[in-house]
Amino acid sequence: MSAVVVAGLGYVGLPLAMRAVVAGHHVTGYDTDAGRVKRLEAGESYVEDVPAGEVAAALESGRFRPSSSAGACAGFDVALITVPTPLRDGLPDLACLEAASRTLACYLRPGATVIVESTSYPGTTQEQVLRWLEDGSGLLAGPGFHVGYSPERIDPGNRVWTLATTPKIVSGIDEASLSTVEGFYRGIVERTVAVSSPREAELAKLIENTFRHVNIALMNELAMFGHDLGVDVWEAIDAASTKPFGYMPFRP
Ligand SMILES: NC(=O)c1ccc[n+]([C@@H]2O[C@H](COP(=O)([O-])OP(=O)(O)OC[C@H]3O[C@@H](n4cnc5c(N)ncnc54)[C@H](O)[C@@H]3O)[C@@H](O)[C@H]2O)c1
């Protein structure tokens, strides 16, 4: 079992950290928000999908250590980056991703693996994260350490498609990276789907997000249109949803 760091204990990072503990890893949860870390240390949860009992059980196992101190990241075999990557004025804000990468770089050892899960544009892992890791560690990605990207597909509140049962796209900057990334997730989820490089994995995540946004926006427009016409858009959506092919229901 590996020493794992999860950097960013939010909606994506906390369930992942819990799952890694259940899989038998020693997990350090690193978050810059000391308030969140305090709550976790007290066995509380602030994430809908993670019951407090799960946090308490993880602490009791002795294999989960939440911390807001960067030094707690030392000694990792696998580090997962799950920090926010918001859009600001239409541009991705990578400040948290850079800060987390630079922190992990300080503790990067030869042969260790860093996996990005945060959503970002194609090229982020290979052009930005890799450079921040190399700069801070003095090691060369590839021969020195492994890097990969694996987008999160969490659907808060969904009891059928959980972190464990949802297929996970995995990628690496080279064959060795892909192999360690896939090996790690095989112990975490039921099915992994390998793609040729982090760029394809990053774009796959953006395709999934865009598909959802565009279709919800379309239904919002149709709801207003239906309201003006005095048509029950909900009934119309339910009726359209009976089409067994070429249609997927979205609601306003
Ligand atoms: N929430 C979702 O449903 C969802 C689904 C798929 C992908 N994502 C993506 O996953 C990423 C994380 O999203 P989230 O919803 O978990 O965010 P979140 O805001 O819930 O949690 C992020 C956590 O990271 C911490 N953090 C910020 N900077 C840090 C740093 N430098 N080092 C360590 N911790 C730091 C914050 O304090 C916070 O606790 C984003 O890129 C998001 O787009 C989110």
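Just follow the structure's listing: the first ligand is 1, and inside any ligand the first atom is 1. Throughout, numbering of the chain's residues begins at 1 and tracks the sequence.
- Shown here are the side-chain contact (heavy atoms from CB on, under 4.5 Å) partners of Tyr11, two or more places apart in sequence or in another chain: Val47.
- With sequence neighbours excluded, no residue satisfies ring pair (Phe, Tyr, Trp, His ring centres under 6.0 Å) with His26.
- Remark: of the listed residues Glu134, Glu127, Gln128, Gln128 is the sole one forming a side chain to side chain contact (heavy atoms under 4.5 Å, CB included) with Arg131.
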Hey, can you pull the donor-acceptor pairs under 3.5 Å for the side chains in residues 245-252, sequence neighbours left out?
| residue | atom | partner | partner atom | Å |
| --- | --- | --- | --- | --- |
| Arg251 | NH2 | Asp238 | OD1 | 3.0 |

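- Side chain to side chain, Thr192 and Lys168 fail the donor-acceptor criterion of an N or O pair below 3.5 Å.
- For the pair Arg36 and Tyr46, the distance from NZ or CZ to the six-membered ring centre is under 6.0 Å and the angle to the ring normal is within 45 degrees.
- Contact shell of ligand 1 (protein heavy atoms, cutoff 4.0 Å): Gly8, Leu9, Gly10, Tyr11, Val12, Tyr30, Asp31, Thr32, Asp33, Arg36, Thr82, Val83, Pro84, Thr85, Cys96, Ala99, Ala100, Ser118, Thr119, Glu152, Ile154, Lys205.
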